[in-house]
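Since the structure is predicted, the reported quantities are computational estimates derived from the model, not experimental observations. Residue numbers start from 1 in every chain, and the chains themselves are labelled A, B, ... in the order their sequence lines are given, proteins ahead of strands.
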2 protein chains.
Amino acid sequence: MEQSPPKHPNPEQLDPNDLLIFARVADAGSFTAAAEQLGLPKSSVSRRISLLEERLGERLMLRTTRRLTLTEFGEAMLEHGRALAEEVELARTLAESRRAQPSGRLRVSMPSDFANLLLGDLFAAFSALHPAVMLEIDLSPRRVDLLGERVDLAIRFGDLPDDSLLAARRLRRFTWGLYAAPDYLAEHGTPRSPEDLKQHRCLRLLDEGATGHWQLSAGEQTHHEHSPAPIQANSPELLLRLARAGAGIAALPDQFAAPQLTRGELRRVLPDWSLPAQTAWAVFPGRRLLPAKTRAFLEMLQAAL
Amino acid sequence: MEQSPPKHPNPEQLDPNDLLIFARVADAGSFTAAAEQLGLPKSSVSRRISLLEERLGERLMLRTTRRLTLTEFGEAMLEHGRALAEEVELARTLAESRRAQPSGRLRVSMPSDFANLLLGDLFAAFSALHPAVMLEIDLSPRRVDLLGERVDLAIRFGDLPDDSLLAARRLRRFTWGLYAAPDYLAEHGTPRSPEDLKQHRCLRLLDEGATGHWQLSAGEQTHHEHSPAPIQANSPELLLRLARAGAGIAALPDQFAAPQLTRGELRRVLPDWSLPAQTAWAVFPGRRLLPAKTRAFLEMLQAAL
DNA sequence: GGTGATTGTTCCATTGGTCGAACAATCTGA
DNA sequence: TCAGATTGTTCGACCAATGGAACAATCACC
């Protein structure tokens with residue numbers, strides 16, 4: 001396609017940097033002054049301008065050692081140089097303001113139980129602290145595609161498919177215990193050992209990786225409770241409500257049940273026994289250079305848990 | 001003043017080139033495609049983008065090996081990148097159009113006689129050929145300061161003060177002869193030798209470097225004619241008119257008198273004798289990278305003489 | 001499900017641009 | 001008129017940015 005090299009020196013590709021340097025020289029009125037402002041040796045400035053003129057094919061300024069006079073061409077080019085400098089400055093400002101104060105849209109995704117039971121106030125607090133951030137909360141239970149749906153941060157439990165493109169930070173470890181309402185226990189009796197659970201109505205979590213049974217452990221001892229459950233649901237929150245209503249014994253994260261425990265609406269059953277702990281992770285795309293908004297939210301999240 | 005190095009990586013100075021590369025990548029939707037369009041190895045593109053993100057302090061795009069997704073920040077920055085690319089393109093176009101077709105303001109300075117007697121049509125022809133050029137003609141007799149007054153081209157005679165900032169090109173050699181009207185010669189007689197000039201009315205040029213006499217030469221012979229002149233003027237054109245009106249014998253450039261010679265309004269006096277030839281120079285600021293407009297005018301000038 | 005093609009990233013030898021000093025030209029002040 | 005100060009340019013040693021190949025990861029197609 002390119003059968004002949006250009007006859008004249010070269011239109012080539014002109015370096016926007018050179019235009020910026022030229023604008024600085026023209027505005028400063030001197031190579032030396034411009035070099036100081038730019039933090040460059042004057043030799044570089046001189047070479048750059050000469051090269052730029054070569055590229056453009058016409059002189060930009062006539063230089064005596066004492067005075068600079070812009071060519072008519074130089075005047076026209078100066079306008080572009082200045083516009084360019086302004087545009088770069090705008091970009092720089094954008095980056096800086098972002099770094100200083102979180103801003104933009106922040107999409108977070110997490111299980112609805114998690115949000116409802118633990119982060120009630122956090123969203124409001126975050127929004128008040130960072131008014132420039134538009135907060136979008138997605139409580140859909142499915143594991144959203146972080147990259148595809150532009151989600152900035154998601155909270156996930158248990159196993160992490162170690163995606164090389166995702167980074168994760170551990171939020172906290174959730175311990176699980178068995179809970180029931182005092183009325184239920186008064187009616188059906190309080191279990192003394194795991195074997196007693198067979199006599200009870202078990203409310204079981206229906207989850208993706210659900211094993212279909214309870215794996216209880218106390219110290220070295222382990223017990224697998226396989227008795228069929230009359231009610232199964234995929235929402236810890238619903239199980240919590242059912243247990244509180246006296247529907248049976250539910251396995252719940254201790255943190256979820258804490259308020260009801262305090263108010264006496266629930267009691268810990270078989271307090272020496274617990275289910276395998278799960279770790280809650282904050283997952284976000286990109287290992288480094290996290291946006292300020294994400295960083296801020298993450299910090300608040302860790303402080304809250 | 002700068003007591004502490006910036007805590008975060010570095011706002012430093014961001015390279016506009018990187019923004020251009022980023023815009024190209026974002027628009028192309030792939031590093032490889034962008035690299036091809038830019039004529040760069042993809043490794044450079046990758047490194048450049050990474051560095052830019054480092055500088056900006058936030059990621060611009062999330063890259064799986066198969067798909068690129070712009071960050072919200074990236075979207076915002078892309079606008080600036082595009083604006084920048086457009087501005088650079090504008091500058092490039094300006095330079096190219098200038099190189100292709102002369103344009104802008106062209107100031108030329110020359111003696112009025114020269115313009116009136118020799119370049120009558122040239123100005124009109126040039127203007128017609130290059131409509132984008134605004135022609136400014138300065139006929140002031142003084143030697144204008146080319147750089148100070150933004151004059152693109154001047155025509156000067158004889159000695160050139162070799163200014164290192166000015167370049168000159170020889171236009172043509174002007175030979176001088178003595179001329180008088182037939183009527184005058186009929187009345188006062190035709191000189192046969194230089195000595196006869198003493199009996200005649202000599203019309204002498206009043207110039208800066210004027211010697212106050214005529215230095216005539218024919219082959220090896222030389223004659224200095226010091227006889228006082230009844231009329232002196234600093235305009236060859238006026239001397240020409242005076243000679244034509246029968247006021248006396250004038251020394252004129254042969255080229256100036258050619259039309260009147262043809263029409264029989266003037267006759268060459270002492271045709272074997274002539275005055276020292278002068279060279280006409282075109283002088284212009286800047287040795288290299290002449291504007292296209294100047295180059296075009298210069299070529300037309302040389303063709304006309 | 002496996003294999004080949006294609007993506008973006010990393011590595012390191014090489015080169016092109018940079019830095020600082022010396023230089024020539026010019027203006028300023030005594 | 002002359003010397004000192006300041007301008008932009010030139011020159012050479014050096015360093016950093018570049019370019020090509022190898023790499024790991026992913027998708028598409030059979």
Side-chain angles (χ1 to χ4, degrees), chain A residues 10 12-18 21-22 24-26 28-55 59-71 74 145-148 161-167 285-289, chain B residues 10 12-18 21-22 24-26 28-55 59-71 74 145 147-148 161-166 285-289:
Chain A
N10 252 343
E12 275 190 81
Q13 55 208 14
L14 61 92
D15 191 337
N17 251 317
D18 292 350
I21 293 177
F22 163 63
R24 201 53 153 278
V25 170
S30 133
F31 277 55
T32 310
E36 275 186 24
Q37 292 176 25
L38 292 165
L40 287 175
K42 48 184 181 174
S43 62
S44 292
V45 175
S46 173
R47 183 168 19 79
R48 249 51 191 38
I49 296 285
S50 294
L51 203 77
L52 176 60
E53 290 177 327
E54 205 82 28
R55 296 256 163 86
R59 303 211 70 171
L60 289 165
M61 34 171 76
L62 301 166
R63 9 204 198 289
T64 82
T65 53
R66 236 359 120 158
R67 187 169 306 276
L68 288 183
T69 35
L70 279 182
T71 302
D145 173 22
L146 288 186
L147 282 69
D162 71 332
D163 190 326
S164 69
L165 295 161
L166 298 182
R287 300 196 165 281
R288 62 220 163 76
L289 292 178
Chain B
N10 251 342
E12 274 189 82
Q13 56 207 16
L14 60 93
D15 192 337
N17 252 317
D18 292 350
I21 293 177
F22 163 63
R24 202 50 153 279
V25 171
S30 133
F31 277 55
T32 311
E36 275 186 25
Q37 291 177 25
L38 292 165
L40 286 176
K42 48 184 181 172
S43 61
S44 292
V45 174
S46 173
R47 185 163 18 79
R48 249 49 193 36
I49 296 285
S50 294
L51 203 76
L52 176 60
E53 290 177 327
E54 204 83 28
R55 296 256 162 87
R59 304 211 70 169
L60 290 165
M61 34 172 74
L62 300 167
R63 7 203 199 289
T64 82
T65 53
R66 236 359 120 159
R67 187 170 304 278
L68 288 183
T69 36
L70 279 183
T71 302
D145 173 22
L147 281 69
D162 71 331
D163 189 327
S164 67
L165 295 161
L166 299 181
R287 300 197 165 281
R288 61 216 165 79
L289 291 178

Enquirer: Between atom CZ in A/Phe31 and atom P in D/dT10, what is the gap in whole Å?
Expert: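 Taking CZ of A/Phe31 and P of D/dT10, I get 11 Å after rounding.
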Enquirer: Can you tell me the distance, in whole Å, between the CD atom of B/Glu53 and the C1' atom of C/dT9?
Expert: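 About 13 Å, once rounded to whole Å.
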Enquirer: Could you check whether A/Arg47 and A/Ser50, counting side-chain N and O atoms only, form a donor-acceptor pair closer than 3.5 Å?
Expert: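 No, no side-chain donor-acceptor contact under 3.5 Å.
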Enquirer: Just do the side-chain contact (heavy atoms from CB on, under 4.5 Å) check on A/Ile21 and A/Leu52 with the steps written out, would you?
Expert: CA-CA 10 Å; A/Ile21 293 177; A/Leu52 176 60; over 6 Å; no
Enquirer: Considering just the side-chain nitrogens and oxygens of B/Arg63, establish if one lies under 4.0 Å of OP1 or OP2 belonging to C/dT9.
Expert: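 Checking C/dT9 against B/Arg63, a side-chain N or O does come within under 4.0 Å of OP1 or OP2.
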Enquirer: Would you say the side-chain atoms of B/Thr64 pair up with the backbone N or O of B/Arg67, donor to acceptor, closer than 3.5 Å?
Expert: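 Here the side-chain-to-backbone pair exists.
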Enquirer: Please report, rounded to the nearest Å, how far the P atom of C/dG8 is from the CZ atom of B/Arg59.
Expert: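 These atoms are roughly 13 Å apart.
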Enquirer: I want to check something: taking the side chain as every heavy atom from C-beta on, are B/Val45 and B/Arg24 in contact at a cut-off of under 4.5 Å?
Expert: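 Contact flag for B/Val45/B/Arg24 side chains = no.
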Enquirer: Check the pair A/Asn17 / A/Arg48 against side-chain contact (heavy atoms from CB on, under 4.5 Å), numbers first and verdict last.
Expert: CA-CA 9 Å; A/Asn17 251 317; A/Arg48 249 51 191 38; 5.5 Å; no
Enquirer: Measure across B/Leu14 and B/Pro16 and return the closest heavy-atom pair with its distance rounded to 0.1 Å.
Expert: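 Heavy atoms of B/Leu14 and B/Pro16 come nearest at O-CD, 3.3 Å.
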Enquirer: Among residues 35-51 of chain B, which ones have heavy-atom contacts with DNA chain D below 4.0 Å?
Expert: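 Those residues whose heavy atoms fall under 4.0 Å from DNA chain D, taken from residues 35-51 of chain B in numerical order, are B/Leu40, B/Pro41, B/Ser43, B/Ser44, B/Arg47, B/Arg48.
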Enquirer: Using only side-chain N and O atoms of B/Thr32, determine if any of them is under 4.0 Å from OP1 or OP2 of C/dG8.
Expert: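 Yes, such a contact exists.
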Enquirer: CZ of B/Phe22 to CG of B/Leu70: how many Å apart, nearest 0.5 Å?
Expert: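 Answer for the CZ-CG pair, B/Phe22 versus B/Leu70, is 5.0 Å.
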Enquirer: Contact between A/Val25 and A/Met61 at the side-chain level, heavy atoms closer than 4.5 Å - yes or no?
Expert: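 SC-SC contact between A/Val25 and A/Met61 confirmed.
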Enquirer: Closest approach of A/Ala33 and A/Ala28, non-hydrogen atoms and distance?
Expert: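 Closest approach of A/Ala33 to A/Ala28, heavy atoms only: CB-CB, 4.1 Å.
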Enquirer: Could you check how far CG of A/Asp15 sits from P of C/dG16, rounded to whole Å?
Expert: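 Taking atom P of C/dG16 as the reference, CG of A/Asp15 is at 16 Å.
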Enquirer: Can you measure B/Arg67 atom CZ to D/dT26 atom P for me and round it to whole angstrom units?
Expert: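 So the CZ-P distance, B/Arg67 to D/dT26, works out to 14 Å.
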Enquirer: Give the rounded distance in Å between these two atoms: CG of B/Asp18 and P of D/dA17.
Expert: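 Atom CG in B/Asp18 sits about 11 Å away from atom P in D/dA17.
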Enquirer: Check the distance between D/dC27's P and B/Leu68's CG and give it to me in whole angstrom.
Expert: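 In whole Å, D/dC27 P lies 13 Å from B/Leu68 CG.
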Enquirer: What is the bend of the helix from C/dG1-D/dC30 to C/dA30-D/dT1 when you compare the axis at one end with the axis at the other, using five pairs each and rounding to 10°?
Expert: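 Both end axes considered, the difference amounts to 30°.
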Enquirer: Grab the CG-C1' distance between B/Leu52 and C/dG8 for me, whole Å please.
Expert: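 Rounded to whole Å, this separation is 17 Å.
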